[in-house]
Amino acid sequence: MQAFDIDQLRTFVHVVNAGSVTAGAGEVFLSQSAASEQLKKLEDRAGKLLLVRSKSGVQPTAAGKLLLEHALRLLAMSDEAWRDLHEAPLEGELRLGITDYFRPSEVTGLLARLAQQHPGVRLYVTMGKSRVVEEEHSAGLLDIAITMRADGRTSARAHLLRTEPLRWMAAPGRLPTRGQALPLVTLTEGCSLRVLAEKTLVHRGVAFTVVHVASGVRGMQSALAAGLGFACLNESALCEGLEVVSARASRLPALGAVSFQMLPARRGDAPIVREVRELLIAQLG
(Lines give C-alpha, C1' and ligand atoms only; values in the text may rest on other atoms or scores of the structure.)
Protein backbone atom coordinates (compact mmCIF):
# COMPACT_ATOMS: atom_id res chain seq x y z
CA MET A 1 0.00 0.00 0.00
CA GLN A 2 1.33 3.43 -0.91
CA ALA A 3 1.45 6.16 1.72
CA PHE A 4 0.96 9.87 1.21
CA ASP A 5 3.89 12.25 1.37
CA ILE A 6 3.68 14.67 4.31
CA ASP A 7 5.22 17.58 2.39
CA GLN A 8 2.76 17.12 -0.46
CA LEU A 9 -0.13 17.02 1.99
CA ARG A 10 1.11 20.20 3.67
CA THR A 11 1.30 21.99 0.32
CA PHE A 12 -2.18 20.75 -0.56
CA VAL A 13 -3.64 22.07 2.72
CA HIS A 14 -2.05 25.50 2.32
CA VAL A 15 -3.17 25.80 -1.31
CA VAL A 16 -6.76 24.95 -0.35
CA ASN A 17 -6.70 27.36 2.58
CA ALA A 18 -5.18 30.15 0.48
CA GLY A 19 -7.53 29.55 -2.44
CA SER A 20 -4.74 29.62 -5.01
CA VAL A 21 -1.58 27.71 -5.88
CA THR A 22 0.56 30.85 -5.88
CA ALA A 23 -0.52 32.01 -2.43
CA GLY A 24 -0.35 28.50 -0.95
CA ALA A 25 3.12 27.94 -2.41
CA GLY A 26 4.40 31.03 -0.63
CA GLU A 27 3.15 29.68 2.72
CA VAL A 28 5.38 26.60 2.36
CA PHE A 29 8.30 28.50 0.75
CA LEU A 30 7.95 26.91 -2.67
CA SER A 31 7.74 28.36 -6.16
CA GLN A 32 4.43 28.05 -7.98
CA SER A 33 5.88 25.44 -10.33
CA ALA A 34 7.28 23.37 -7.44
CA ALA A 35 3.95 23.49 -5.62
CA SER A 36 2.09 22.50 -8.78
CA GLU A 37 4.43 19.55 -9.22
CA GLN A 38 3.77 18.41 -5.65
CA LEU A 39 0.03 18.66 -6.20
CA LYS A 40 0.29 16.65 -9.42
CA LYS A 41 2.20 13.90 -7.61
CA LEU A 42 -0.36 13.94 -4.81
CA GLU A 43 -3.23 13.55 -7.28
CA ASP A 44 -1.35 10.72 -9.02
CA ARG A 45 -0.95 8.97 -5.68
CA ALA A 46 -4.58 9.58 -4.73
CA GLY A 47 -5.74 8.39 -8.13
CA LYS A 48 -8.36 11.14 -8.15
CA LEU A 49 -8.74 14.77 -9.13
CA LEU A 50 -8.30 16.78 -5.92
CA LEU A 51 -8.53 20.39 -7.08
CA VAL A 52 -10.57 22.29 -9.64
CA ARG A 53 -8.68 25.24 -11.05
CA SER A 54 -10.31 28.38 -12.44
CA LYS A 55 -9.57 32.06 -12.97
CA SER A 56 -10.83 32.78 -9.44
CA GLY A 57 -8.47 30.23 -7.84
CA VAL A 58 -8.75 26.61 -6.77
CA GLN A 59 -11.48 24.64 -5.02
CA PRO A 60 -11.24 21.08 -3.65
CA THR A 61 -13.31 18.39 -5.33
CA ALA A 62 -15.34 15.92 -3.23
CA ALA A 63 -12.24 13.69 -3.08
CA GLY A 64 -10.14 16.74 -2.21
CA LYS A 65 -12.41 17.64 0.70
CA LEU A 66 -12.15 14.09 2.02
CA LEU A 67 -8.37 14.10 1.73
CA LEU A 68 -8.24 17.55 3.37
CA GLU A 69 -9.88 16.17 6.53
CA HIS A 70 -7.33 13.36 6.75
CA ALA A 71 -4.43 15.67 5.86
CA LEU A 72 -5.19 18.10 8.66
CA ARG A 73 -5.21 15.30 11.23
CA LEU A 74 -2.01 13.77 9.85
CA LEU A 75 -0.19 17.11 9.83
CA ALA A 76 -1.27 17.87 13.39
CA MET A 77 0.04 14.47 14.54
CA SER A 78 3.27 14.89 12.57
CA ASP A 79 3.94 18.34 14.04
CA GLU A 80 3.16 17.13 17.56
CA ALA A 81 5.50 14.14 17.15
CA TRP A 82 8.30 16.43 15.97
CA ARG A 83 7.79 18.78 18.94
CA ASP A 84 7.78 15.89 21.40
CA LEU A 85 10.97 14.36 20.00
CA HIS A 86 12.74 17.71 19.91
CA GLU A 87 11.27 18.83 23.25
CA ALA A 88 9.93 21.94 21.52
CA PRO A 89 6.59 22.85 23.13
CA LEU A 90 4.00 24.86 21.26
CA GLU A 91 4.17 28.42 22.58
CA GLY A 92 2.52 31.73 21.86
CA GLU A 93 -0.86 33.41 22.09
CA LEU A 94 -3.87 33.64 19.86
CA ARG A 95 -7.47 34.83 19.85
CA LEU A 96 -10.21 32.25 19.37
CA GLY A 97 -13.86 33.08 18.63
CA ILE A 98 -16.59 30.42 18.99
CA THR A 99 -20.29 30.53 18.31
CA ASP A 100 -22.30 30.13 21.50
CA TYR A 101 -24.10 27.12 20.02
CA PHE A 102 -21.03 24.96 19.35
CA ARG A 103 -21.13 21.92 21.64
CA PRO A 104 -22.00 24.08 24.68
CA SER A 105 -21.44 21.21 27.12
CA GLU A 106 -18.02 20.34 25.65
CA VAL A 107 -16.26 23.64 24.92
CA THR A 108 -14.95 24.02 28.48
CA GLY A 109 -13.46 20.53 28.41
CA LEU A 110 -11.93 21.12 24.98
CA LEU A 111 -10.21 24.32 26.11
CA ALA A 112 -9.04 22.62 29.31
CA ARG A 113 -7.48 19.76 27.32
CA LEU A 114 -5.72 22.19 25.00
CA ALA A 115 -4.35 24.14 27.98
CA GLN A 116 -3.16 20.93 29.66
CA GLN A 117 -1.53 19.52 26.53
CA HIS A 118 0.02 22.84 25.47
CA PRO A 119 0.53 25.01 28.57
CA GLY A 120 2.69 27.42 26.57
CA VAL A 121 -0.28 28.46 24.43
CA ARG A 122 -2.24 31.43 25.78
CA LEU A 123 -5.78 31.50 24.45
CA TYR A 124 -8.05 34.53 24.54
CA VAL A 125 -11.53 33.13 23.92
CA THR A 126 -14.65 35.02 22.83
CA MET A 127 -18.06 33.34 22.59
CA GLY A 128 -21.01 34.99 20.88
CA LYS A 129 -23.26 35.18 17.84
CA SER A 130 -21.85 33.74 14.63
CA ARG A 131 -22.41 37.05 12.83
CA VAL A 132 -20.31 38.91 15.39
CA VAL A 133 -17.60 36.23 15.40
CA GLU A 134 -17.41 36.37 11.59
CA GLU A 135 -17.18 40.17 11.61
CA GLU A 136 -14.38 40.14 14.19
CA HIS A 137 -12.48 37.46 12.25
CA SER A 138 -12.86 39.45 9.04
CA ALA A 139 -11.56 42.56 10.83
CA GLY A 140 -8.48 40.66 12.05
CA LEU A 141 -9.56 40.74 15.70
CA LEU A 142 -9.64 36.93 15.88
CA ASP A 143 -7.04 34.42 14.70
CA ILE A 144 -9.32 31.37 14.61
CA ALA A 145 -13.11 31.35 14.41
CA ILE A 146 -15.79 28.67 14.67
CA THR A 147 -19.23 29.75 13.47
CA MET A 148 -22.62 28.24 12.71
CA ARG A 149 -24.75 28.42 9.57
CA ALA A 150 -28.46 27.90 10.01
CA ASP A 151 -28.89 26.75 6.39
CA GLY A 152 -26.67 23.70 6.95
CA ARG A 153 -24.16 24.81 4.32
CA THR A 154 -20.51 25.84 4.57
CA SER A 155 -18.99 29.18 3.60
CA ALA A 156 -16.43 29.31 0.81
CA ARG A 157 -13.10 27.75 1.84
CA ALA A 158 -14.31 27.19 5.42
CA HIS A 159 -13.68 23.78 6.98
CA LEU A 160 -16.84 21.85 7.87
CA LEU A 161 -16.53 20.53 11.43
CA ARG A 162 -19.93 18.88 11.78
CA THR A 163 -23.59 19.04 10.83
CA GLU A 164 -26.31 18.74 13.48
CA PRO A 165 -30.08 18.42 13.31
CA LEU A 166 -32.19 21.05 15.03
CA ARG A 167 -34.69 20.02 17.70
CA TRP A 168 -37.48 21.58 19.72
CA MET A 169 -36.51 21.28 23.38
CA ALA A 170 -38.26 21.87 26.70
CA ALA A 171 -38.42 20.58 30.26
CA PRO A 172 -39.22 16.84 30.51
CA GLY A 173 -42.87 16.09 29.80
CA ARG A 174 -43.66 19.64 28.69
CA LEU A 175 -45.95 19.90 25.66
CA PRO A 176 -47.54 22.97 24.07
CA THR A 177 -51.01 23.85 25.36
CA ARG A 178 -53.56 23.72 22.59
CA GLY A 179 -55.26 27.00 21.87
CA GLN A 180 -52.47 29.03 23.45
CA ALA A 181 -49.52 30.80 21.85
CA LEU A 182 -46.30 28.81 22.05
CA PRO A 183 -44.04 30.29 24.79
CA LEU A 184 -40.71 30.72 23.04
CA VAL A 185 -37.28 30.93 24.70
CA THR A 186 -34.65 32.58 22.49
CA LEU A 187 -31.44 34.53 22.34
CA THR A 188 -31.43 38.23 21.46
CA GLU A 189 -32.69 39.58 18.13
CA GLY A 190 -30.42 38.77 15.20
CA CYS A 191 -29.66 35.26 16.45
CA SER A 192 -29.85 32.98 13.40
CA LEU A 193 -31.73 30.22 15.24
CA ARG A 194 -34.22 32.72 16.64
CA VAL A 195 -34.85 34.02 13.12
CA LEU A 196 -35.20 30.46 11.80
CA ALA A 197 -37.58 29.37 14.60
CA GLU A 198 -39.82 32.41 14.23
CA LYS A 199 -39.97 32.12 10.42
CA THR A 200 -40.78 28.41 10.66
CA LEU A 201 -43.59 29.00 13.16
CA VAL A 202 -45.04 31.87 11.11
CA HIS A 203 -44.89 29.79 7.93
CA ARG A 204 -46.77 26.94 9.63
CA GLY A 205 -49.30 29.28 11.22
CA VAL A 206 -48.25 28.50 14.79
CA ALA A 207 -48.89 31.41 17.15
CA PHE A 208 -46.05 32.17 19.55
CA THR A 209 -44.86 34.71 22.06
CA VAL A 210 -41.29 35.28 23.23
CA VAL A 211 -41.35 34.77 26.99
CA HIS A 212 -37.63 34.74 27.75
CA VAL A 213 -34.61 36.24 26.01
CA ALA A 214 -31.30 34.83 27.24
CA SER A 215 -27.83 36.25 26.71
CA GLY A 216 -26.34 32.83 25.90
CA VAL A 217 -27.15 29.19 25.32
CA ARG A 218 -26.61 28.28 28.97
CA GLY A 219 -29.21 30.86 29.89
CA MET A 220 -31.63 29.30 27.42
CA GLN A 221 -30.98 25.85 28.88
CA SER A 222 -31.68 27.12 32.40
CA ALA A 223 -34.91 28.82 31.32
CA LEU A 224 -36.10 25.70 29.53
CA ALA A 225 -35.24 23.46 32.49
CA ALA A 226 -37.27 25.82 34.69
CA GLY A 227 -40.29 25.15 32.49
CA LEU A 228 -40.55 28.61 30.95
CA GLY A 229 -41.16 27.45 27.41
CA PHE A 230 -39.78 25.87 24.24
CA ALA A 231 -36.73 26.56 22.11
CA CYS A 232 -35.14 25.61 18.81
CA LEU A 233 -31.64 24.28 19.57
CA ASN A 234 -29.00 22.18 17.88
CA GLU A 235 -28.91 18.57 19.07
CA SER A 236 -25.68 18.84 21.09
CA ALA A 237 -27.30 21.52 23.26
CA LEU A 238 -29.44 18.82 24.88
CA CYS A 239 -28.43 18.55 28.54
CA GLU A 240 -29.68 17.39 31.92
CA GLY A 241 -33.08 18.88 32.69
CA LEU A 242 -34.12 19.06 29.01
CA GLU A 243 -35.59 16.67 26.50
CA VAL A 244 -36.39 16.70 22.81
CA VAL A 245 -40.06 17.51 22.27
CA SER A 246 -41.87 14.88 20.21
CA ALA A 247 -42.85 16.46 16.91
CA ARG A 248 -45.82 14.14 16.62
CA ALA A 249 -47.17 14.79 20.12
CA SER A 250 -46.51 18.54 20.03
CA ARG A 251 -47.48 19.17 16.41
CA LEU A 252 -44.57 21.56 16.17
CA PRO A 253 -43.06 22.02 12.69
CA ALA A 254 -40.01 20.03 11.66
CA LEU A 255 -36.67 21.82 11.74
CA GLY A 256 -33.67 21.47 9.48
CA ALA A 257 -30.00 21.21 10.33
CA VAL A 258 -27.11 23.55 11.07
CA SER A 259 -23.47 23.31 10.12
CA PHE A 260 -20.50 24.30 12.23
CA GLN A 261 -17.44 25.53 10.39
CA MET A 262 -13.97 26.82 11.04
CA LEU A 263 -13.41 29.94 8.99
CA PRO A 264 -10.54 29.74 6.49
CA ALA A 265 -6.98 30.56 7.42
CA ARG A 266 -5.61 33.89 6.27
CA ARG A 267 -2.48 34.44 4.27
CA GLY A 268 0.34 35.42 6.59
CA ASP A 269 -1.04 33.67 9.68
CA ALA A 270 1.64 33.05 12.31
CA PRO A 271 2.89 29.44 12.60
CA ILE A 272 1.20 29.00 15.98
CA VAL A 273 -2.15 29.98 14.44
CA ARG A 274 -1.75 27.38 11.70
CA GLU A 275 -0.68 24.69 14.15
CA VAL A 276 -3.44 25.32 16.69
CA ARG A 277 -5.97 25.47 13.86
CA GLU A 278 -4.83 22.04 12.68
CA LEU A 279 -4.92 20.71 16.25
CA LEU A 280 -8.47 21.95 16.76
CA ILE A 281 -9.67 20.48 13.47
CA ALA A 282 -8.05 17.16 14.39
CA GLN A 283 -9.92 17.15 17.70
CA LEU A 284 -13.23 18.56 16.51
CA GLY A 285 -13.56 17.27 12.97
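Because the structure is a prediction, the values reported are computed rather than measured. Residue numbers count from 1 along this sequence.
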Residue of the set Leu141, Ile98, Leu142 for which side chain to side chain contact (heavy atoms under 4.5 Å, CB included) holds with Val133: Leu142

Can a salt bridge be assigned to the pair Lys65 and Glu69 using a cut-off of 4.0 Å between side-chain N and carboxylate O? no

Hydrophobic cluster identity match, Val217 and Val244, side-chain contacts under 4.5 Å: yes

Report yes if the side chains of Leu187 and Arg194 come closer than 4.5 Å at any heavy-atom pair, otherwise no. no

Nearest 0.5 Å, please: how far is NE2 in His70 from CG in Leu68? 10.5 Å

Gln59 side chain to Ser54 backbone, donor-acceptor under 3.5 Å: no

Within the distance-only criterion (no hydrogens, no angle test), does the side chain of Arg167 pair as donor or acceptor with the backbone N or O of Val245 below 3.5 angstrom? no

Please check if any side-chain donor atom of Glu136 sits under 3.5 Å from a side-chain acceptor atom of Thr126, or the reverse. no

Value rounded to 0.5 Å, distance of CE in Met220 from OG1 in Thr186: 6.5 Å

Enter the distance from Gln32:CD to Leu39:CG here, rounded to the nearest 0.5 Å. 10.0 Å

Using only atom types and a distance under 3.5 Å, with no angle test, would you say the side chain of Ser138 pairs donor to acceptor with the backbone of Glu134? no

With rounding to the nearest 0.5 angstrom, report the CD1 to CG distance, Ile146 to Leu96. 6.0 Å

Which distance, rounded to the nearest 0.5 Å, do you find between the CZ of Arg45 and the CG of Leu42? 8.5 Å

Verify, without hydrogens or angle tests, whether Thr61 (side chain) and Leu49 (backbone) share a donor-acceptor contact under 3.5 angstrom. yes

How far apart are the closest heavy atoms of Ala225 and Ala171, and which atoms are they? O-CB, 4.1 Å

Counting N and O atoms only, with roles assigned by atom type, does the side chain of Trp168 sit under 3.5 Å from a partner on the main chain of Leu255, one being a donor and the other an acceptor? no

Return the minimal non-hydrogen interatomic distance between Ile144 and Arg277, and the atom names on each side. CD1-N, 3.7 Å

Closer than 3.5 angstrom, by distance alone: can the side chain of Ser155 be matched with the main-chain N or O of Ala158 as a donor-acceptor pair? no

Any residue meeting side-chain contact (heavy atoms from CB on, under 4.5 Å) with Glu164, in chain and number order, not counting sequence neighbours: Arg162, Asn234, Glu235, Ser236, Val258, Phe260

Sidechain-backbone polar pair: Arg10 side chain, Leu75 backbone, donor-acceptor under 3.5 Å: no

Using modelled atom types only, decide if a donor and an acceptor are shared between the side chain of Ser130 and the backbone of Met148 within a distance under 3.5 Å. yes

Just by distance, do the side chain of Asp100 and the backbone of Met127 share a donor-acceptor pair under 3.5 Å? no

What's the verdict on side-chain hydrogen bond (donor to acceptor under 3.5 Å, both in side chains) for Ser20 and Thr22, showing C-alpha distance, side-chain angles and the deciding distance? CA-CA 6 Å; Ser20 78; Thr22 301; 5.1 Å; no

